[in-house]
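Since the structure comes first, as C-alpha cells, the remarks are kept for the end.
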Protein chains: 2
Amino acid sequence: MMMQSDQTAAGPAAKFLTETDQLVFLMEEVTRRLRRIFDTSVEQFGLTRTQWRTLAYLYRTPGMTQTELARELELERASVGQAIDRLEELSLVERRSALNDRRVWQIHLMPAAVELLPKLRAEADAVYTRLLAETDKLELEQLRGTLTRMQANLDRI
Amino acid sequence: MMMQSDQTAAGPAAKFLTETDQLVFLMEEVTRRLRRIFDTSVEQFGLTRTQWRTLAYLYRTPGMTQTELARELELERASVGQAIDRLEELSLVERRSALNDRRVWQIHLMPAAVELLPKLRAEADAVYTRLLAETDKLELEQLRGTLTRMQANLDRI
DNA sequence: ACTACACTGTAAGGCACTTTACAGTAAATA
DNA sequence: TATTTACTGTAAAGTGCCTTACAGTGTAGT
C-alpha cells in the first residue's frame, strides 16, 4: 500500500499530497459535480437536493417515518422534520399519524409529487448519459466492486 | 443491507431507482463516509473540513489569493474570506498584501500550521489504510482512470 | 400498577456556506 | 487622460443542516 511518501517530484506538494489524496479528491470532485449538475437541473422544479432525495425514497417505500428517512438519507431527525415541513407546504407529501404508534408520522406522497417524479427521472437519465459516455459495462462493474469494498472497509469500526 | 423494502423485483423501486442511481449513491456514500471519518479524526485539532483543506492547499502553494483558493476549494470567495478570518484568529495563517495589486491578499501559513500538517498527514494515512484494505495497485489505477474520464465527461458542457 | 428506560418528533440556537450588493483597485479603451 | 469594464475581497441576510434539550408516547422490569 503505497502512500505516506509517494512523492513523485520535488516541492512541498509532493511531500504533503499523496497519490491516495489525489484519488480521494478525484472521487469527491466527481460526486460534487454530479450533485451540482443535478441540483441545477432540478432547480426548475424548485426542489433542493434533500427534497428530491426524500421524494425518491418515499416513492420507493411509501409511509416511511421521519426516523427511517433520516437513517436512509443520512441526515438527523430534526433536519428531516424541516424538509418534511417544506414538502408539506408544497403539497408534495403529507404526514399521516400511524395507527399503532402515536409518536410517529408516516409520510406519503401526494399526487403532485407522483406527477413530478418521472420528470426527475428524465433529468437524472440525461446527467447519467453524460457521466457514462465511453464507459462499458465491465468497467462499471469493477467500479461498483471497488467502491463496495471501500464502503465495507470504512464500516469496519 | 436489507431494509424495509429491498424488494428486488417488482414495486416502485424497480421503476424508479436504476443501477446507475445505485452506483452514484454508492460513490456518494463512500465519499461522505470518508469526509465524516476524517472530520472526526481532525476534530481533536479544532479544525473544520474547509479549514484543513485550506491549510493543505496553502502548504502546496504558499501565497495563494482568496479567489484562487475559492476556485480550488470550490467555494465562493465570501466563504473563503470567512474561513481565512477564522484561520487568522487561530494564528494558523496570515494575510499579506500583494506588492503589485492592492486588491488582493496573499495567504501564508504561520509556524503553528506548519507544525500541525504532519499530524493531519498521519490521520489521513490511517484512514487510507482502512479504505484501501485488500485493494491492489491495478485496481486503483482502473478506479482512477474511470473517475478521470467521468470527471472529463461532466466537464464537457 | 409503577418505575425506569427507550424511542419519535419538535424547538431553539449555532455553524458553514451561499447569494446579492457593494467599495476599492486594476486594466482596457476611447 | 478620462471613462468604462473587470476583478478582489467584504458585508449582510438567507438557507440547510447540526447539536442539544425536551415533551409525548411506547416498552420492559419489578
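Every value quoted in this text rests on a predicted model; they were computed, and no experiment measured them.
A donor and an acceptor atom, one from each side chain of A:Gln151 and B:Glu29, are located under 3.5 Å apart.
Mapped onto DNA chain D by nearest heavy atom, A:Asn100 and A:Arg86 fall at different nucleotides, with A:Arg86 at the one closer to the 5' end.
In this entry the distance linking CD of B:Glu89 with P of C:dC15 reads 12 Å, nearest Å. For B:Leu75 and C:dC15, the CG to P distance is 18 Å, given to the nearest whole Å. For B:Leu47 and C:dA16, the CG to P distance is 11 Å, given to the nearest whole Å. Per the geometry, CH2 belonging to B:Trp52 stands 15 Å off C1' belonging to C:dA16, to the nearest Å.
Among all heavy-atom pairs drawn from A:Ala112 and A:Ser91, the shortest one is CB-O, 3.9 Å.
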Nucleotide by nucleotide, nucleotides 6-13 of chain C touches protein heavy atoms under 4.0 Å in the pattern (B base, S sugar-phosphate only, - none) -BBBBB--

Starting from the C-alpha separation in whole Å, work towards a yes-or-no answer on salt bridge (Lys or Arg N to Asp or Glu O under 4.0 Å) for A:Asp85 and A:Arg95. CA-CA 9 Å; A:Asp85 287 346; A:Arg95 288 178 163 100; 3.0 Å; yes

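Rounding to the nearest 0.5 angstrom, the gap separating the CG atom in A:Leu55 from the CG atom in A:Leu47 is 6.0 Å.
Between D:dT25, D:dG16, D:dC18, one nucleotide has an atom nearer to the side chain of A:Arg102 than all others, and that is D:dT25.
In this structure B:Thr40 satisfies the side chain to side chain donor-acceptor pair (under 3.5 Å) test with no other residue, sequence neighbours excluded.
Within the 4.0 Å cut-off from OP1 or OP2 of D:dG16, not a single side-chain nitrogen or oxygen of A:Ser79 is found.
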